[in-house]
Each structure stands twice: as structure tokens, then as C-alpha cells.
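All remarks here apply to the structure that follows.
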Amino acid sequence: DAKTTQPTSMDCAEGRAANLPCNHSTISGNEYVYWYRQIHSQGPQYIIHGLKNNETNEMASLIITEDRKSSTLILPHATLRDTAVYYCIEGAQKLVFGQGTRLTINP
Amino acid sequence: GAVVSQHPSWVICKSGTSVKIECRSLDFQATTMFWYRQFPKQSLMLMATSNEGSKATYEQGVEKDKFLINHASLTLSTLTVTSAHPEDSSFYICSARALDPLNYGYTFGSGTRLTVV
């Protein structure tokens with residue numbers, strides 16, 4: 001079973017930063033935090049992943065708390081094309097998806 | 001970047017027939033591939049994990065005789081849905097993990113929509 005907890009849905013205005021929280025309080029030392037998103041009827045798209053340090057790439061930033069029990073995905077300037085279901089997953093040998101957060105970017 | 005190709009993207013088959021779905025890693029070697037299914041408005045459910053050259057490991061509740069998985073090379077895994085029935089209609093998605101997961105993580109295919117009539 002999935003071990004992460006995310007809000008069911010969130011809204012964000014276009015051009016603003018979207019901050020998506022995730023709780024992973026049972027994460028073990030060798031498990032990474034992965035973020036993927038899925039746009040309707042497509043395969044999940046990789047966004048970012050991290051172990052304990054904050055990470056940034058061209059898509060997003062990942063902020064992981066010092067105790068590693070939660071993290072936040074930040075989309076710095078959300079666009080309408082960022083509307084999707086976002087999944088936060090803790091994993092090492094395989095990825096088990098939870099229900100994710102349905103993020104809607106509003107014009 | 002890492003690319004996983006899944007084929008076909010959609011298929012319609014008659015009840016009782018078998019359907020094969022292919023998953024290929026195009027620019028990297030994948031020691032491990034995963035198969036998921038997704039019903040409408042639900043999340044992805046992991047069905048099985050396949051390692052190149054060995055038998056697949058199925059998640060609890062997934063019938064291994066119905067969903068045959070073959071992972072004959074480091075770039076190809078196949079899922080065969082045998083004796084398909086309408087309740088097998090779903091979106092099937094594969095994922096591949098590179099030899100160096102720190103660089104590629106897990107890459108997903110674009111999915112196969114199976115409709116059994």
C-alpha cells in the first residue's frame with residue numbers, strides 16, 4: 001500500500017507558485033521521495049526526486065524537511081499545462097502510487 | 001533523457017482472446033521493469049515487477065497465469081493478458097528502472113488502453 005499522504009485537490013492561479021505538500025512519516029533511510037505527475041490518459045511524467053537534500057531542476061524544486069517526514073513540491077510559475085494529478089511516492093525498489101493531488105491551474 | 005516506448009497505445013480485442021503489450025527502453029538498459037494498471041479516476045496499481053532473465057514477482061491479488069510477463073532482454077518486457085474479459089479493460093502502463101536509478105529514476109511508458117468487447 002502507498003505510504004504517503006497528499007491533499008486530494010488543490011487550485012492555483014496561473015503565474016503563481018504552486019506548493020504541493022506530502023507527508024511520508026514512515027519513510028526509511030534508503031527510500032527516496034519521488035514526484036511524478038499524470039496528465040489525463042498519459043503515462044506518469046517524472047518531475048524530481050531526492051533523498052534528504054533539497055533539489056531543484058528545470059521543472060520544480062523539492063523541499064524535504066530535516067526529519068524527512070514530509071516534503072513540498074514547488075512549481076515556481078504555474079501554467080495551465082501544469083494541471084495534472086501529482087503523485088508523491090516514497091520508494092527504493094519499486095514505486096507504489098497513492099491517490100495523489102489533483103492540481104488545477106486557473107487562468 | 002530516458003525514453004520508454006509502449007506499444008500498442010490502444011487495442012480492442014474480443015473476449016476470450018489474448019493481447020500482448022510491449023515495453024521497450026529506447027536509450028538505456030533496464031534491469032527491472034514494472035507493470036501497472038489504472039482504472040478510470042483511480043490511481044496506478046502496481047501489478048508486477050520483472051527482472052531481466054528471471055520470473056516476475058506479482059503483487060498480491062494479481063493472477064500470474066492471467067497476466068504473463070516476459071523480460072527477455074535489458075530493453076524489452078512484455079505483458080500478455082490471456083483469455084481477456086471485459087473486466088480486464090483498463091489502462092496498462094509500464095515503467096523501467098535504469099541500471100543507475102539515481103540518474104534516470106523510473107521512466108514510464110505512455111500506456112496502453114485495452115478494451116475487451
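Keep in mind it's a predicted model, so treat the numbers as computed, not measured.
- For B:Glu59, the part sitting under 4.5 Å from any heavy atom of chain A is the side chain, from C-beta outward, and nothing else.
- Put simply, CG on A:Asp82 and CD1 on A:Ile39 are 8.0 Å apart, with the number rounded to the nearest 0.5 Å.
- Neither the backbone nor the side chain of B:Gln6 comes within less than 4.5 Å of any heavy atom of chain A.
- Just one residue in the list B:Leu46, B:Ile69, B:Leu44 forms a side-chain contact (heavy atoms from CB on, under 4.5 Å) with B:Phe34, and that residue is B:Leu46.
- Here A:Ile63 contributes atom CD1 and A:Thr72 contributes atom OG1; the two are 7.5 Å apart, rounded to the nearest 0.5 Å.
- Interface residue B:Ile93: only side-chain heavy atoms are found under 4.5 Å from chain A.
- Ring-plane geometry between B:Phe108 and A:Phe97 is classed as perpendicular, the angle between the planes exceeding 60 degrees on a 0 to 90 degree scale with a lower cut at 30.
- Residue A:Ile47 shares its hydrophobic cluster (ILVMFWY side chains chained together at separations under 4.5 Å) with A:Met10, A:Leu20, A:Ile27, A:Val33, A:Trp35, A:Ile48, A:Met59, A:Leu62, A:Ile64, A:Leu73, A:Leu75, A:Leu80, A:Tyr86, A:Leu103, A:Ile105.
- Contact annotation for A:Gln93: both backbone and side-chain heavy atoms come within less than 4.5 Å of a heavy atom of chain B.
- Taking chain A as the reference chain and counting heavy-atom pairs below 4.5 Å, the highest number among B:Gln38, B:Met45, B:Gln60 is found for B:Gln38.
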